[in-house]
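Let me begin by presenting the structure, written as structure tokens, before commenting on it.
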Amino acid sequence: MLTDIIACDVLIVGGGPAGLSVASHLGDEVHSIVVHQDAEIGLPVRTSGGTWKRDMEALGIPPQMYRVIDQLDFFSDNAEARFAVDDDKMAVMDVTAVYQHLASLSDGKRSELMTGAKFLSCIEQEDGQFLSQIRSRERGSFSILSAMVIDASGWQSAVIESLGLGRKPQRTGVGIEYEFPIGNFDPNRAVLFVGSSALTGYGWIFPTPGDRLRLGIGVIYPDTDLTPRQVMEDFKASGQAARYGIEIPQDYEVNAGIIPSEPYDPELVFGKVVRTGDSANFATPTVGEGIRIAVEYGRLLGAEVTAYLNGDDKALGRYEAAARQAFQRDYRFGFMVNTRIAGYSPERWDKSVERLGRLSEQEMTELVRSRFGWRTMARTVWLNIKAKISG
Ligand SMILES: Cc1cc2nc3c(=O)[nH]c(=O)nc-3n(C[C@H](O)[C@H](O)[C@H](O)COP(=O)(O)OP(=O)(O)OC[C@H]3O[C@@H](n4cnc5c(N)ncnc54)[C@H](O)[C@@H]3O)c2cc1C
């Protein structure tokens with residue numbers, strides 16, 4: 001009979017990019033278990049994989065797992081801004097391949113990956129250890145006893161919520177994607193669109209390394225009451241697809257996902273419980289890009305958890321401080337932008353896309369990346385004033 005309680009040093013809840021990256025960067029002596037509710041890593045796809053070439057290189061992602069984008073076009077109902085990207089190139093990942101690659105980085109470590117295993121709840125015991133209830137397709141119900149728990153469960157924030165340390169986000173971005181063969185679409189071009197077909201959010205067209213196209217639209221709840229499926233049906237009926245250079249076939253795969261859309265909260269460490277990735281709201285507030293960030297800060301957390309378990313009491317605080325320094329200021333502005341543009345009318349979007357077209361490639365990239373340096377802010381304000389003066 002299988003034992004009902006399995007012990008380990010660190011339980012990691014969620015086998016997305018954040019949880020897998022924590023596991024891969026724990027020291028060899030640390031025994032960890034990753035519980036992942038889906039049957040496979042990287043499937044079903046719940047994200048669209050837009051990112052940046054320089055980040056993929058810095059994170060050591062094999063180049064065949066992403067496609068580099070040379071042309072980024074923005075559309076609203078009646079305006080467009082086209083950028084031939086020379087310097088900081090965007091990229092689109094094969095999400096499943098990248099996530100499986102991230103999982104493979106734990107090969108040979110004392111890290112056990114349990115797929116099809118759902119974390120249900122957790123209690124802190126008197127001795128300070130955590131007893132978590134897991135339900136698995138393979139093992140049935142069992143418990144994991146661990147010294148630490150990492151919440152890498154994405155928007156579900158399963159651990160934080162179970163321990164009463166926080167709650168699931170009340171405002172979320174919900175996205176739906178149709179995926180189909182690329183056809184005649186330029187394989188190195190990506191499109192972002194706003195306006196009447198994506199009110200409160202935005203849409204995207206991304207070519208993947210596997211010669212497929214991902215056409216997606218994300219909207220924000222509760223800012224809208226339309227379902228993503230309705231939004232997509234309305235988009236199909238609008239005829240805009242042809243304007244962006246695509247034809248939607250009869251058959252396509254459907255991907256869907258959820259992301260937090262709330263102000264950044266810098267509190268990440270709750271004693272021996274730590275959150276990371278989407279459960280810590282790390283994705284950028286302007287476009288909801290979070291994979292590279294989940295990997296980078298997941299790896300940092302893996303290293304700091306190891307230091308902490310080896311007696312360095314300041315290690316978890318360093319992780320929290322590094323994230324605060326990287327995100328707090330930019331994300332405060334980013335969230336203001338997010339809530340403002342969620343209320344834009346199609347006409348307002350036309351003006352904004354016209355203005356976007358006047359930015360340099362670098363300024364556009366910084367806005368998309370939610371980096372609000374003083375130069376970009378000053379230039380954006382100046383363009384606003386100029387637009388008002390010229391009526
Ligand atoms: C529609 C959409 C489009 C997006 N597009 C992009 C993009 O183009 N580029 C980009 O960089 N980012 C994008 N993002 C954001 C990106 O997907 C996230 O920021 C990133 O996936 C966060 O990684 P994570 O590991 O923190 O969480 P997740 O990727 O959500 O992984 C968490 C995992 O935990 C599992 N889990 C949850 N609860 C439990 C439980 N109780 N027990 C066990 N397992 C559990 C889930 O099944 C999930 O697989 C998009 C998000 C959405 C929703």
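When a ligand or atom number is given, it counts from 1 through the structure's own listing order. Numbering of residues begins at 1 and proceeds along the displayed sequence. These numbers come from a predicted model, not from an experiment.
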Could you tell me, for ligand 1, which of its N or O atoms are under 3.5 Å from any protein N or O, listing the pairs and their distances rounded to 0.1 Å?
{"unit_1": "ligand 1", "atom_1": "5 (N)", "unit_2": "T47", "atom_2": "OG1", "d": "3.4"}
{"unit_1": "ligand 1", "atom_1": "5 (N)", "unit_2": "S48", "atom_2": "N", "d": "3.3"}
{"unit_1": "ligand 1", "atom_1": "5 (N)", "unit_2": "S48", "atom_2": "OG", "d": "2.8"}
{"unit_1": "ligand 1", "atom_1": "8 (O)", "unit_2": "S48", "atom_2": "OG", "d": "2.9"}
{"unit_1": "ligand 1", "atom_1": "8 (O)", "unit_2": "G49", "atom_2": "N", "d": "3.3"}
{"unit_1": "ligand 1", "atom_1": "8 (O)", "unit_2": "G50", "atom_2": "N", "d": "2.7"}
{"unit_1": "ligand 1", "atom_1": "9 (N)", "unit_2": "G50", "atom_2": "N", "d": "3.4"}
{"unit_1": "ligand 1", "atom_1": "9 (N)", "unit_2": "G50", "atom_2": "O", "d": "2.7"}
{"unit_1": "ligand 1", "atom_1": "11 (O)", "unit_2": "G50", "atom_2": "O", "d": "3.4"}
{"unit_1": "ligand 1", "atom_1": "11 (O)", "unit_2": "G290", "atom_2": "N", "d": "3.0"}
{"unit_1": "ligand 1", "atom_1": "11 (O)", "unit_2": "I291", "atom_2": "N", "d": "2.9"}
{"unit_1": "ligand 1", "atom_1": "12 (N)", "unit_2": "G290", "atom_2": "N", "d": "2.9"}
{"unit_1": "ligand 1", "atom_1": "14 (N)", "unit_2": "T47", "atom_2": "OG1", "d": "3.2"}
{"unit_1": "ligand 1", "atom_1": "14 (N)", "unit_2": "G288", "atom_2": "O", "d": "3.1"}
{"unit_1": "ligand 1", "atom_1": "17 (O)", "unit_2": "T47", "atom_2": "OG1", "d": "2.8"}
{"unit_1": "ligand 1", "atom_1": "19 (O)", "unit_2": "D278", "atom_2": "OD1", "d": "2.7"}
{"unit_1": "ligand 1", "atom_1": "19 (O)", "unit_2": "D278", "atom_2": "OD2", "d": "3.4"}
{"unit_1": "ligand 1", "atom_1": "25 (O)", "unit_2": "P17", "atom_2": "N", "d": "3.2"}
{"unit_1": "ligand 1", "atom_1": "25 (O)", "unit_2": "A18", "atom_2": "N", "d": "2.9"}
{"unit_1": "ligand 1", "atom_1": "26 (O)", "unit_2": "D278", "atom_2": "N", "d": "2.7"}
{"unit_1": "ligand 1", "atom_1": "41 (N)", "unit_2": "F119", "atom_2": "O", "d": "3.0"}
{"unit_1": "ligand 1", "atom_1": "42 (N)", "unit_2": "F119", "atom_2": "N", "d": "2.9"}
{"unit_1": "ligand 1", "atom_1": "44 (N)", "unit_2": "Q37", "atom_2": "N", "d": "3.0"}
{"unit_1": "ligand 1", "atom_1": "47 (O)", "unit_2": "Q37", "atom_2": "NE2", "d": "3.0"}
{"unit_1": "ligand 1", "atom_1": "47 (O)", "unit_2": "D38", "atom_2": "OD2", "d": "3.1"}

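- Distance alone, capped at 3.5 Å, places no donor-acceptor pair between the Q71 side chain and the R82 backbone.
- Counting only N and O atoms by type, the side chains of T365 and Q362 include no donor and acceptor under 3.5 Å apart.
- Counting only N and O atoms by type, the side chains of D350 and S76 include a donor and acceptor under 3.5 Å apart.
- The shortest non-hydrogen separation linking I12 to A152 is CG2-CB, 4.3 Å.
- Closest non-hydrogen pair, G27 versus T306, comes out as N-OG1, 2.9 Å.
- For P260, the side chain to side chain contact (heavy atoms under 4.5 Å, CB included) test picks out W155, P169, D278, N281, with sequence neighbours left out.
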